[in-house]
Amino acid sequence: MRDRVHDIVAGYESELIAFRRDLHAQPEVAFGEYLTTQKIAHRLEAAGIAVRHLEGTGLTCDIGRNP
């Protein structure tokens with residue numbers, strides 16, 4: 001399983017690095033990560049994953065579960 005996950009993630013390496021660099025290019029103070037939350041939610045939704053926004057900057061989703 002570990003090798004399979006590694007292979008899958010390796011296919012997204014450049015995209016993940018670019019996403020991380022984008023997040024770090026616009027730092028936000030602790031508990032004020034509204035732009036970060038918005039960007040993560042957008043990426044999850046683009047991947048077909050339903051997200052639920054919680055109070056403040058909270059965000060949750062179920063991966064691999066049917067609604």
Side-chain angles (χ1 to χ4, degrees):
M1 177 62 111
R2 181 179 177 185
D3 291 337
R4 183 169 183 250
V5 170
H6 179 271
D7 291 345
I8 292 169
V9 172
Y12 292 95
E13 182 177 9
S14 61
E15 181 181 349
L16 292 169
I17 290 170
F19 186 64
R20 176 184 53 86
R21 288 180 177 162
D22 180 55
L23 292 178
H24 287 264
Q26 303 169 52
E28 298 174 277
V29 296
F31 305 105
E33 303 94 339
Y34 295 99
L35 182 59
T36 298
T37 302
Q38 179 183 16
K39 288 182 178 191
I40 291 171
H42 181 263
R43 296 294 287 252
L44 290 169
E45 290 167 341
I49 299 170
V51 300
R52 290 183 302 281
H53 291 269
L54 307 175
E55 185 176 337
T57 58
L59 181 74
T60 185
C61 65
D62 292 323
I63 298 175
R65 294 181 119 187
N66 294 325

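Just so it is clear, the structure is predicted and the values come from calculations on it, not from any experiment.
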Note: with side-chain heavy atoms under 4.5 Å as the link, the other cluster members for L16 come out as M1, V5, I8, V9, Y12
So the side-chain hydrogen bond (donor to acceptor under 3.5 Å, both in side chains) pairs with at least one residue in residues 19-28 (sequence neighbours excluded) are D22-Q26, D22-K39, E28-T36
Sequence neighbours excluded, the answer for side-chain contact (heavy atoms from CB on, under 4.5 Å) partners of L54 is T60
Across all chains, not counting sequence neighbours, the side-chain contact (heavy atoms from CB on, under 4.5 Å) partners of F31 are none
Residues passing the salt bridge (charged side-chain N to carboxylate O under 4.0 Å, His left out) test with E15, sequence neighbours excluded, are R43
Minimal heavy-atom distance between T37 and G58, with the atoms involved, is CG2-O, 4.3 Å
More than 12 heavy atoms of other residues, nucleotides or ligands under 6.0 Å from NE2 of H53: yes or no? yes
- Under the side chain to side chain contact (heavy atoms under 4.5 Å, CB included) rule, what do I40 and V51 come out as? Steps first, then yes or no, please. CA-CA 10 Å; I40 291 171; V51 300; over 6 Å; no
Salt bridge (charged side-chain N to carboxylate O under 4.0 Å, His left out) filter on R52, not counting sequence neighbours, yields D62
Closest non-hydrogen atoms of G32 and T57, given as atom of the first, atom of the second and distance, are C-CG2, 4.1 Å
- request: Check whether L44 and Y34 end up in the same hydrophobic cluster, where Ile, Leu, Val, Met, Phe, Trp and Tyr are linked by side-chain heavy atoms less than 4.5 Å apart.
  value: no
Closest non-hydrogen atoms of C61 and A50, given as atom of the first, atom of the second and distance, are CB-O, 3.2 Å
